[in-house]
Amino acid sequence: PRSTRKESSAASDVYKRQVTEAGFGADLGAEKFLDIKCRKAGLKPNAVVIVATVRALKSHGGVEKADLNKENVPAVEKGFENLQRHIENIQSFGLQAIVAINSFTLDTEAEGKTISDGCEKLGVKSVLCSHWANGSEGTKLLAEEVVKVAESSDTSKFTFTYDDDVSLENKIRAVKISAANIVVSGF
């Protein structure tokens with residue numbers, strides 16, 4: 001669940017580990033969490049989990065909604081470019097990403113392997129998660145991997161996208177969204 005700055009601070013005082021859901025996408029939800037909330041609350045994350053689905057990658061790979069239930073490894077490969085950009089966004093903060101492959105009944109082994117192989121090429125750990133079918137047991141391996149990464153992470157590498165004292169225009173220019181750099185005019 002999303003938490004306020006005060007709640008995050010209190011949780012840090014009580015618990016060894018804290019998990020925060022920062023919103024959709026490593027391009028906006030995570031960016032706001034990392035550049036704004038972490039700065040204001042003095043937080044330094046140990047790891048970031050990016051959730052990916054075969055269906056989403058096929059969609060990003062150009063597959064029409066009516067055809068998303070059919071195996072299409074080339075579309076997953078093409079859609080992986082979007083996931084790669086999310087991974088790069090997280091890495092730009094000096095953080096380690098872990099990809100949770102949210103598995104569903106109609107996903108094929110070849111499609112899931114395409115995602116895990118792509119992550120491996122980038123040096124990023126991925127974990128197949130079956131909580132949709134198996135409840136919490138389906139994310140046990142993910143939880144174990146997150147703990148391993150969090151405990152071995154170097155939080156001194158965490159960096160913000162921009163300095164807090166720069167102008168709003170320069171903050172906006174510094175933020176990378178999706179695969180394109182945003183050009184802001186009118187400032």
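The analysis underlying the following values was restricted to heavy atoms, covering all of them including side chains, and did not include hydrogens, waters or symmetry mates.
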Flag, side chain of [X] to backbone of [Y], donor-acceptor distance under 3.5 Å:
| X | Y | value |
| --- | --- | --- |
| Asp35 | Thr161 | yes |
| Thr53 | Ala56 | yes |
| Lys171 | Asp164 | yes |
| Ser167 | Asn170 | yes |
| Ser59 | Arg55 | no |

From [X] atom [atom1] to [Y] atom [atom2], the distance as rounded to the nearest 0.5 Å:
| X | Y | atom1 | atom2 | answer |
| --- | --- | --- | --- | --- |
| Leu122 | Glu88 | CG | CD | 7.0 Å |
| Lys125 | Leu142 | NZ | CG | 10.5 Å |
| Glu151 | Lys148 | CD | NZ | 10.5 Å |
| Asn72 | Glu77 | CG | CD | 9.0 Å |
| Gln96 | Ile87 | CD | CD1 | 12.5 Å |

**Message:** Could you see if Val48 belongs to whatever hydrophobic cluster contains Ile98? Use Ile, Leu, Val, Met, Phe, Trp, Tyr and a side-chain cutoff under 4.5 Å.
**Reply:** no
**Asked** Would you say Val99 and Leu141 are hydrophobically clustered, going by side-chain heavy atoms of ILVMFWY under 4.5 Å?
**Response** no
What pair of heavy atoms forms the shortest contact from [X] to [Y], and how long is it?
| X | Y | answer |
| --- | --- | --- |
| Glu71 | Ala110 | OE2-CB, 3.7 Å |
| Thr159 | Gly94 | CG2-N, 4.3 Å |
| Asp163 | Arg39 | C-NH1, 4.0 Å |
| Cys119 | Phe80 | N-CZ, 3.5 Å |

Below 4.5 Å, heavy atoms only, C-beta onward: do [X] and [Y] meet side chain to side chain?
| X | Y | answer |
| --- | --- | --- |
| Val54 | Val76 | yes |
| Pro45 | Leu34 | yes |
| Asn46 | Val149 | no |
| Leu57 | Ile115 | yes |

**Complete:** Cluster membership besides Trp132, Ile/Leu/Val/Met/Phe/Trp/Tyr side chains within less than 4.5 angstrom, sorted by chain and number, is Phe104
**His86/Asn82 under side chain to side chain contact (heavy atoms under 4.5 Å, CB included): CA gap, chis, key distance, verdict** = CA-CA 7 Å; His86 287 279; Asn82 181 275; 3.2 Å; yes
**Request:** Give the intermediate values and the outcome of side chain to side chain contact (heavy atoms under 4.5 Å, CB included) for residues Val124 and Gln91.
**Result:** CA-CA 10 Å; Val124 172; Gln91 291 172 333; 3.6 Å; yes
**Asked** Under the side-chain hydrogen bond (donor to acceptor under 3.5 Å, both in side chains) test, which residues partner Ser156, sequence neighbours left out?
**Response** Asp154
**Asked** For Glu81, what residues pass the side-chain hydrogen bond (donor to acceptor under 3.5 Å, both in side chains) criterion, not counting sequence neighbours?
**Response** none
**Message:** Under the rule for ring pair (Phe, Tyr, Trp, His ring centres under 6.0 Å), what residues qualify as partners of Phe160, not counting sequence neighbours?
**Reply:** Phe158
**Request:** Not counting sequence neighbours, list each pair that qualifies as a salt bridge (charged side-chain N to carboxylate O under 4.0 Å, His left out) and has a residue in residues 100-112.
**Result:** Lys58-Glu111
**Request:** Apply side-chain contact (heavy atoms from CB on, under 4.5 Å) to Lys140 and list each qualifying residue two or more places apart in sequence or on a separate chain.
**Result:** Glu137, Glu144
**With Ile50, the side-chain contact (heavy atoms from CB on, under 4.5 Å) member among Asn89, Ile101, Ile90** = Ile90
